[in-house]
Amino acid sequence: HEGTLVCDLNNDRVVQLSFPNSNPKSCILISNDFKEGDIVRPSGLCSFKKYVIVADRTNGVINIYDESLLHTQSLAMNRNLHRPSSVALIREENKDLLVIMERGSGKDSKLGIFNINLNGICVESDFKLDQKIKLYDPQDMDSDNSSNIYIANTMEREILKISSQGELLNKANLIEISGHARILVKCVQVRTSDQTIFTADFEKKIIFHFDQNLELLGCIDLSSNLEIEAIRSVYPLKDSLLLCVRGKNQVIQIGYDGSLIQTMDVTASTSIDWHNPTKISILDSGNICIADKENDRIIALDINGKFLSST
């Protein structure tokens, strides 16, 4: 075949490009055939009762797993999803709703809210995002007890707080707060105990703590920790923080003073080390679930870091 072959790593495919008469054309030569239960490069997850809900960006599906990480189903949606990357739960009028962020190509990212139907089709609501909000490659989100949604709007370098009706309530300008013009914030998490907000400067390795109105409360500076190369995800507990990081030990627990409490290694249990873990969630049982993105799996640990199961 004539043309240029492109290895499209993020979409797990090989694409052939040709340019007949200066008119670009593309053809997918190799791609994975999706089978229900498959999971490829999971980047977002959240807990729902005794289940784990996982966004599979490559296959464009939302997978459901039980506490043992056995696949129970792939949610049937009323439309196709375009690179779903993050999921969160809110509750409105005694109904559980699933918030899905579709990253698309970055600038065409979309936020949608769907009813959760484990026995039928999940139908999208008529949710409309405030026109003042510009989503640009948002890489994480979470929700609070009042059904507000917090978004790490990565390339706009801000944290957004929006209502379940799509209204912009507050935002934190991370350039102004950090003094870092090229700051990348790839995570946001609500602390369950007091509903305050945590995020991190991916490259500078500084964790930011905000109140519910996105006013800065404090920082944890890990920039001098040479074993951490970058911070991908933060999960705040009452007395400590769980982190997904780049470096030798990719899942760690630290105190609020920045001191290391423990590393969480799974190599001995699974024969495979972490490879760019991206998101942490904790089930009602207290078990920790982690999206180990580049290994195409979810890992479950107990609170002491003991391996429990894997997809």
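Note that these values count all heavy atoms, side chains included, but never hydrogens, waters or copies made by symmetry.
More than 12 heavy-atom neighbours from other residues, nucleotides or ligands sit within 6.0 angstrom of CG on Asp194. Dense packing is recorded around OH of Tyr256, with more than 12 heavy atoms of other residues, nucleotides or ligands lying under 6.0 Å away. Atom CD of Gln262 sits in a crowded spot, with more than 12 heavy atoms from other residues, nucleotides or ligands closer than 6.0 Å.
Ile303 and Tyr235 fall within the same hydrophobic cluster, defined by Ile, Leu, Val, Met, Phe, Trp and Tyr side-chain heavy atoms under 4.5 Å apart, directly or through other members. Note: the hydrophobic cluster containing Phe48 does not contain Leu97 (ILVMFWY, side chain heavy atoms under 4.5 Å, direct or indirect links). Cluster membership check: Val266 shares its hydrophobic cluster with Leu242, using side-chain heavy-atom separations under 4.5 Å among Ile, Leu, Val, Met, Phe, Trp and Tyr. A chain of hydrophobic side-chain contacts below 4.5 Å, direct or via other Ile, Leu, Val, Met, Phe, Trp or Tyr residues, connects Phe198 to Ile254. A continuous path of ILVMFWY side-chain contacts below 4.5 Å connects Leu69 to Leu283, so both sit in one hydrophobic cluster.
Remark: side-chain polar atoms of Trp274 are paired, donor with acceptor, to backbone N or O of Met264 under 3.5 angstrom. Not a single donor-acceptor pair under 3.5 Å links the side chain of Asp140 to the backbone N or O of Ala152. Looking at Asp292, its side chain never comes within 3.5 Å of a backbone N or O of Asn295 through a donor-acceptor pair. A side-chain donor-acceptor contact under 3.5 Å links Ser147 to the backbone of Arg91. The backbone N or O of Glu167 lies less than 3.5 Å from a partner atom in the side chain of Ser163, making a donor-acceptor pair. Between the side chain of Thr154 and the backbone N or O of Gln139 there is at least one donor-acceptor pair closer than 3.5 Å. Looking at Thr72, its side chain does come within 3.5 Å of a backbone N or O of Ile64 through a donor-acceptor pair.
Side chain to side chain, Arg297 and Thr270 meet the donor-acceptor criterion of an N or O pair below 3.5 Å. Asn78 and Glu124 are not linked by any side-chain donor-acceptor pair at a separation below 3.5 angstrom, with hydrogens and angles left out of the test. Defined by atom type and a distance below 3.5 Å, a donor-acceptor pair is present between the side-chain atoms of Asp221 and Ser223. Side-chain contact, Glu158 with Asn153: a donor N or O sits under 3.5 Å from an acceptor N or O. In this structure, a donor-acceptor pair under 3.5 Å is present between the side chains of Ser259 and Asp257. Of the N and O atoms on the side chains of Lys279 and Gln189, at least one donor lies less than 3.5 Å from an acceptor on the other residue. With hydrogens and angles left out, the side-chain atoms of Asp201 and Ser178 include no donor and acceptor closer than 3.5 Å.
Atom OG1 of Thr267 sits about 3.5 Å away from atom CG of Asp273, to the nearest 0.5 Å. Atom CD1 of Ile299 is separated from atom CD1 of Ile272 by 8.5 Å, given to the nearest 0.5 angstrom. Going from atom CG of Asp144 over to atom CD1 of Ile90 covers 10.0 Å, rounded to the nearest 0.5 Å. In this structure, Asp96 CG and Asn117 CG are separated by 11.5 Å, a value rounded to the nearest 0.5 Å. Residue Glu93 holds its CD atom at 9.0 Å from OG of Ser164, rounded to the nearest 0.5 Å. In this structure, CZ in Arg182 is found 12.0 Å from NZ in Lys204, a value given to the nearest 0.5 Å.
Closest of all the heavy-atom pairs between Phe127 and Ile162 is CZ-CD1, 4.2 Å. Closest of all the heavy-atom pairs between Ile290 and Pro277 is CG2-CB, 3.9 Å. For Cys46 against Leu89, the heavy-atom pair with the smallest separation is SG-CG, 4.0 Å. Among all heavy-atom pairs drawn from Thr263 and Leu260, the shortest one is CG2-CD2, 4.2 Å. Nearest heavy atom pair, residue Ile288 against residue Asp302, reads CD1-O, 3.6 Å. Heavy-atom minimum distance, Ser47 versus Ser281: N-OG, 3.2 Å.
Taking 4.5 Å as the limit, some side-chain heavy atom of Phe114 sits within range of a side-chain heavy atom of Leu81. In this structure the side chain of Val185 never reaches within 4.5 angstrom of the side chain of Arg157, judged on heavy atoms. Inter-residue side-chain proximity for Glu102 and Asp108 is flagged as unmet; no heavy-atom pair is nearer than 4.5 Å. Residues Val190 and Thr192 fail the side-chain proximity criterion, which asks for heavy atoms closer than 4.5 Å. By the 4.5 Å heavy-atom criterion applied to side chains, Ile121 and Met77 are not counted as neighbours. Within the 4.5 Å cutoff, the side chain of Phe208 has heavy atoms near those of the Leu174 side chain. In this structure, the side chains of Glu67 and Ser285 come closer than 4.5 Å at one or more pairs of heavy atoms. Counting heavy atoms from C-beta outward, Ile53 and Tyr65 have side chains that stay 4.5 Å or more apart.
In this structure, Lys161 fails the cation-pi test against Tyr150, since its NZ or CZ atom is not both closer than 6.0 Å to the six-membered ring centre and inside 45 degrees of the ring normal.
Between Ile62 and the choices Leu45, Leu98, Val54, the side-chain contact (heavy atoms from CB on, under 4.5 Å) rule is met once, by Leu98. In summary, of the residues considered (Lys171, Lys107, Lys134, Lys132), a salt bridge (Lys or Arg N to Asp or Glu O under 4.0 Å) with Glu156 occurs for Lys134 alone. Results of the side-chain contact (heavy atoms from CB on, under 4.5 Å) test with Ile151 over Val188, Asp142, Ile159, Leu135 single out Leu135 as the only residue that passes.
Ion pairing between Asp137 and Arg103 holds under the 4.0 Å rule for side-chain N and carboxylate O. Ion pairing between Lys49 and Asp284 fails under the 4.0 Å rule for side-chain N and carboxylate O. Here Arg246 does not pair with Glu203 in a salt bridge; the nearest charged N to carboxylate O distance is not below 4.0 Å.
For residues 207-220, every residue pair satisfying the side chain to side chain donor-acceptor pair (under 3.5 Å) rule, not counting sequence neighbours, is listed here: Thr196-His209.
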